[in-house]
Amino acid sequence: MLEIQQLRTDLENVTSNLAKRGYIFPSNAFNTLEAERKTFQTRTQELQARRNKASKQIGYAKSKGEDATTILAEVAQLGDELKQAENKLETIQSNLQKILLEVPNLPHHSVPEGKSEEDNQEIRRWGEPRSFDFDVRDHVSIGEALGLLDFETAAKLSGARFSLMKGGLARLHRALTQFMLDIHTEEHGYIETYVPYLVNQDSLRGTGQLPKFGADLFAVSAGDKHGSENDNSPNFHLIPTAEVPITNMVRDEIVPLKSLPMKFVAHTPCFRSEAGSYGRDTRGLIRQHQFDKVELVHIVHPEQSYDALEQLVGHAETILQKLALPYRVLTLCTGDMGFSATKTYDIEVWLPAQKTYREISSCSNCEAFQARRMQARFRNEKDKPELLHTLNGSGLAVGRTLVAILENYQNADGSVSIPEILKPYMNGLDQLRITGGE
RNA sequence: GGAGAGAUGGCCGAGUGGUCGAAGGCGCUCCCCUGCUAAGGGAGUAUGGGGUUUAUAGCCUCAUCGAGGGUUCGAAUCCCUCUCUCUCCGCCA
């Protein structure tokens, strides 16, 4: 959420900055509502002040045993007028709020302007893509040939965009999450957390998924409620990312200055309905309704947030370096950034079968955008509450990392080597082989 | 799932219709006293809005005692709904 003050005083600038990311701010509607808001707020408050004063007089008179009928009659007439003004004001405020909640964050000045992913800016590459002396296969054929990856059964169990892993592959998946958690907690100073996978609407509003992106989520309600006639709105949503529960830990909190920066990591499954992406990545593990991710969240002093963003990307990169997977880092352009971000770095890992880099991590600074929605604050140097800055990034998407390993570590005989650093997590296993496929 | 108790400022806690945005204590800040420490004395100490203003100052004002609604001229206090916490029983990994 943007600061409403900023919209009042600097509307033109805000509008043009939002336009850079392809968002047309409804200035006319906003201005009209603002003007109305001002009149009705003033009127309401005047009436309230009169009522409060009169009521106090009544109380005073009664305590002295005096007669208060004159004042009573006077104040009784205020009632209707006040109620009307209050109702009108409430409607206006909620309409304003509706507009505000749907406005994306303003891009940072260092973000390149652009319309789509074509305009993202590559800022560095790491690692040499390996050259193969045989025909590379994609992770689906590799996994299926090994007998360890089974989309058919997954479809029977749940439908499209679900996966089933077995044996060494399932273990490799688990090994990856353990490995990532270990690095982030032991080398990067994150606090490991275990968080709810079902969250309430306040949390989703806090991080920006609601009200605008409800269609991308899975809603869950308890027991029989589903079929019953009173169609209550759902109690819970499945988390689309651990960013939601972790960041919302500080919702409605005022944390002490000395507790900053806060750095949390969590491994969770993520659930996304992937509405609106029907044609894309239908094959394989790339785009699933359920996938695992190790998520990093920073909650920091506003002056530190851009430093924190660089650290955050670095932490995600470390994982790929330790796995010896080639990647590149991009600054997303204004048109390709997510709703809550002022600046985002994407990390893309090399996938030899597609001969291209594919997104494996996204690291964003949200500045105070989420904090304002959440009322997440700290006590600043002057002991006054001030909004925090929040950042989040994948460190990394586990399924996509698994894809990258299968493809980059594949061998001519169909086996897949285990990256050196993961061997301790694999009980010494050094290859996934066809015979080893249980 | 059943029965009961509760939710008040940074914390503890008083307050059951009227000068209550809220006693008292603790904590914290500043000042005084003090050789140091301890003790003592004094003052201050919630948040979010709106209006006015060049203004982060000041002034005026509104809202907030778990959340939302209601009764009333007036609600922390009465009524309804919800959420959460605790205790006991049941069930459960």
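Each chain gets a letter, A, B and so on, in the order the sequences are listed, and its residues count up from 1.
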Strand partner of [N], provided both Watson-Crick or wobble distances fall under 3.5 Å:
N	value
B/U34	none
B/U29	B/A43
B/C78	B/G70
B/U83	B/A7
B/U54	none

Determine the Euclidean distance between corresponding [atom1] atoms of [M] and [N]; express it in Å to zero decimal places.
N	M	atom1	answer
B/C62	B/U81	P	32 Å
B/C36	B/C31	P	15 Å
B/A76	B/U83	P	24 Å
B/U77	B/U8	P	14 Å
B/G13	B/A23	C1'	10 Å
B/G50	B/A38	C1'	49 Å
B/G21	B/U45	C1'	14 Å
B/A75	B/A93	C1'	46 Å

Please work out if [X] contacts a base, only the sugar-phosphate, or nothing of the nucleic acid, heavy-atom cut-off 4.0 Å.
X	answer
A/Gln5	sugar-phosphate
A/Arg377	sugar-phosphate
A/Ala49	sugar-phosphate
A/Pro256	nothing
A/Arg50	nothing

Ring centres of [X] and [Y] under 6.0 Å apart?
X	Y	answer
A/Phe151	A/Phe162	no
A/His289	A/Phe271	no
A/Tyr190	A/Phe264	no

Does a salt bridge link [X] with [Y], judged by any charged N lying under 4.0 Å from a carboxylate O?
X	Y	value
A/Asp80	A/Lys83	no
A/Lys293	A/Glu295	yes
A/Arg8	A/Glu34	yes

Ignoring hydrogens and geometry beyond distance, is the side chain of A/Gln57 in donor-acceptor contact with the base of B/G74 at under 3.5 Å?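 Side chain to base: no pair present.
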How do A/Leu82 and A/Thr44 order along RNA chain B: which one's closest nucleotide is nearer the 5' end? A/Thr44
Of A/Lys83 and A/Asn52, whose closest RNA chain B nucleotide lies nearer the 5' terminus? A/Asn52
Whole angstrom is fine here: how far is it from CD1 in A/Ile4 over to P in B/G50? 8 Å
If you check every side-chain atom of [X], which of [options] has the closest atom?
X	options	value
A/Arg379	B/G10, B/C73, B/U52	B/G10
A/Gln41	B/U19, B/C62, B/G50	B/G50
A/Lys56	B/A63, B/U19, B/G50	B/U19
A/Lys384	B/U47, B/A63, B/G74	B/U47

Distance check: side-chain N/O of [X] vs OP1/OP2 of [N], anything under 4.0 Å?
X	N	value
A/Arg51	B/A63	yes
A/Arg37	B/G51	yes
A/Arg8	B/G50	yes

Check step by step if side-chain contact (heavy atoms from CB on, under 4.5 Å) holds for A/Leu7 and A/Phe30. CA-CA 9 Å; A/Leu7 287 160; A/Phe30 176 79; 3.6 Å; yes
